Amino acid sequence: MLLARGLMRKALYDQTLSRLARAPANGTAQLQLLGDEFGLSGAAAQALGADGAAGRLPRVAWRLQREAARKISVALTAAQPTQSPTSYLNLARGMAWFTAVQDASVAGDLRVSQFGDALRQLTEGDVAALGASLTALRQGNRQFLDALATPPSGAAVTAPAAGTVAARPDTAPEGASSTPAPVAVAPVRPAPATSAPSRPVTATGEVYAALGRALSAAGHGDPVQARGQLGQATTALAAAPASLRGAQGYDTLVFDLGAAQARTALRPADVQALIATLTGLEQRAAGQPVSALDGVSAGVARGFGGWLRVLVFALLALLAFVPLYLLNLAFGGRNTFWRAIAAGLALLLLPAFLEGLFGLLGALGDLTGLGALAAASNLTLTQNAYGLPLWALTVAAAIALSTFGFRGLCQQFGLLGRRSAPAPEAAAAQSLDWDEDL
């Protein structure tokens, strides 16, 4: 299905560019459909439509090829040299996207046959050869992306003819194409030169924007949306400057992004670690010192997340009842001071209990696709900024109750102030609390 869609996408690609070459104004609707098929939206889709309407076919092809190369990079990053359905699906997805743009002049040595060889090796279980093929495919696609980092130098070649005919409808085509052409080229050609230096900044900004949206989605318990934004961040990262992609830690960041997309029960701390890793990568590429704490955070997020975090806190939530039960068993529940101490201990353990219970419910909701259940993680105190003041209130209440309880016990034992004779009913209750099991 993916390969068939790739062939249909190529047919639409070739047909649209051919129609735009003949009559740019008549290919607007078809170009919009092609942009939707390639996943272009917002400003990117508007820029594609503007280039098509102006007859700038090299820029139209460049925008589509660049988007396809990004999607190929995402697919190849997710594909692993293991015989698994996931690897086969990602290889087929990468092959389908390259099929649409295989005729690009800047594709270099990348060929459809290389994807076919990798799929054959995957099917036969030749893992060693598959690893070599994946490495070659990734290198070839990286060169493809590098070649697409800036707009084509001849992007405005077709624009003068279209612009001249539109400006001089009553002039013969021969006269229109002979002298006005150089005049039309002059104001158009500087545009790529001014936009080219800003591409690397825009590409990195797109990564930060996607990670910011992923953080917002994870912050309100929407892991599906968060993973989608992480996918966009991976796509944008593939078009980052060569200096960034060549810096130490780039491959680790790409791996972490792929792992986060596949992680169940994605939490804001996981995305925050990715943002910190990207910042450290930028600093390393610029020769600046990198924060060691960011590296530690990334390592913790890499190792202590997903189901491991969920199960650890679920176990802690269960164990939280043990000291409360033993406290009640040892001292009973009729003494006011012991009840206050037990309540203070319960409040101190409340964050772990909430994290264990609602973290587990959120993970189950993410696993089953139930959005309402996945949002249960919002009830934990570690999900977002609102949890910190609530945690502070519970700790303050725990301190007050514990202080009241221990102070009362100290007074009963004569350790604070004068020991007053308790009422007969209180004395009987205390005697039962301490001596009923003896």
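As the structure is a computational prediction, the values presented were derived from the model and not from experiment. Computed from heavy atoms alone, side chains included, the values below leave out hydrogens, waters and symmetry copies.
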Evaluate the ring planes of W97 and F38, with Trp represented by its six-membered ring, and classify them as parallel (under 30°), tilted (30 to 60°) or perpendicular (over 60°). perpendicular
My understanding is that only residues two or more places apart in sequence, or in another chain, count here; which of them pass salt bridge (Lys or Arg N to Asp or Glu O under 4.0 Å) with [X]?
X    : result
D256 : R302
K71  : E67
D146 : R245
D270 : R263

Any donor-acceptor pair under 3.5 Å linking the side chain of [X] with the backbone of [Y]?
X    : Y    : result
D366 : A265 : yes
T234 : L230 : yes
N384 : G219 : yes
Q411 : G408 : no

Examine the side chains of Y208 and T279 and answer whether a donor and an acceptor come within less than 3.5 Å of each other.
yes
Item to complete: Answer yes if the side chains of S87 and S84 hold a donor-acceptor pair under 3.5 Å, and no otherwise.
Response: yes
For F404, ring-ring contact (aromatic ring centres under 6.0 Å, His included) partners two or more places apart
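ring-ring contact (aromatic ring centres under 6.0 Å, His included) list for F404, sorted by chain: F337.
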Test ring-ring contact (aromatic ring centres under 6.0 Å, His included) applied to F144 - qualifying residues, sequence neighbours left out: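 Partners of F144 by the ring-ring contact (aromatic ring centres under 6.0 Å, His included) criterion come out as none, since no residue qualifies.
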Value for OG1 (T403) from CD1 (I399), rounded to nearest 0.5 Å, stands at 7.0 Å
Quick one: CG on L244 to CD on E282, what's the gap to the nearest 0.5 Å?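 Atom-to-atom, L244:CG and E282:CD are 6.0 Å apart.
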Hits for side chain to side chain donor-acceptor pair (under 3.5 Å) against S73, two or more places apart or cross-chain, chain-then-number order -> none
Could you tabulate the donor-acceptor pairs under 3.5 Å formed by side-chain atoms of residues 303-329, not counting sequence neighbours?
from: R309; atom 1: NH2; to: E355; atom 2: OE2; distance (Å): 3.4
from: R309; atom 1: NH2; to: T382; atom 2: OG1; distance (Å): 3.3

Give the table of side-chain donor-acceptor pairs shorter than 3.5 Å for residues 103-110, with sequence neighbours excluded, one pair per line with atom names and distance.
from: D103; atom 1: OD2; to: K10; atom 2: NZ; distance (Å): 2.6

Note to self: Per the side-chain hydrogen bond (donor to acceptor under 3.5 Å, both in side chains) rule, what does the pair list look like for residues 286-296, sequence neighbours excluded?
What the structure shows: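 Every candidate side-chain hydrogen bond (donor to acceptor under 3.5 Å, both in side chains) pair involving residues 286-296 fails, so no pair, neighbours aside, qualifies.
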Query raised in the report: Tell me the side-chain hydrogen bond (donor to acceptor under 3.5 Å, both in side chains) pairs involving residues 126-138, sequence neighbours left out?
Result: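 Residue pairs passing side-chain hydrogen bond (donor to acceptor under 3.5 Å, both in side chains), neighbours aside: Q121-S133.
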If you count the non-hydrogen atoms of other residues, nucleotides and ligands that lie under 6.0 Å from CD in Q32, is the total more than 12?
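Open.
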Note to self: So for atom CZ, which belongs to R407, do other residues, nucleotides or ligands contribute more than 12 heavy atoms lying within a distance under 6.0 Å?
What the structure shows: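 Atom CZ in R407 is not crowded, with 12 or fewer foreign heavy atoms closer than 6.0 Å.
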side-chain contact (heavy atoms from CB on, under 4.5 Å) filter on A352, not counting sequence neighbours, yields none
Contact check, side chains of T77 and L257, non-hydrogen atoms, under 4.5 Å: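 T77 vs L257: side chains apart.
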Result for side-chain contact (heavy atoms from CB on, under 4.5 Å) between L237 and one of V74, L211, L253 points to L253
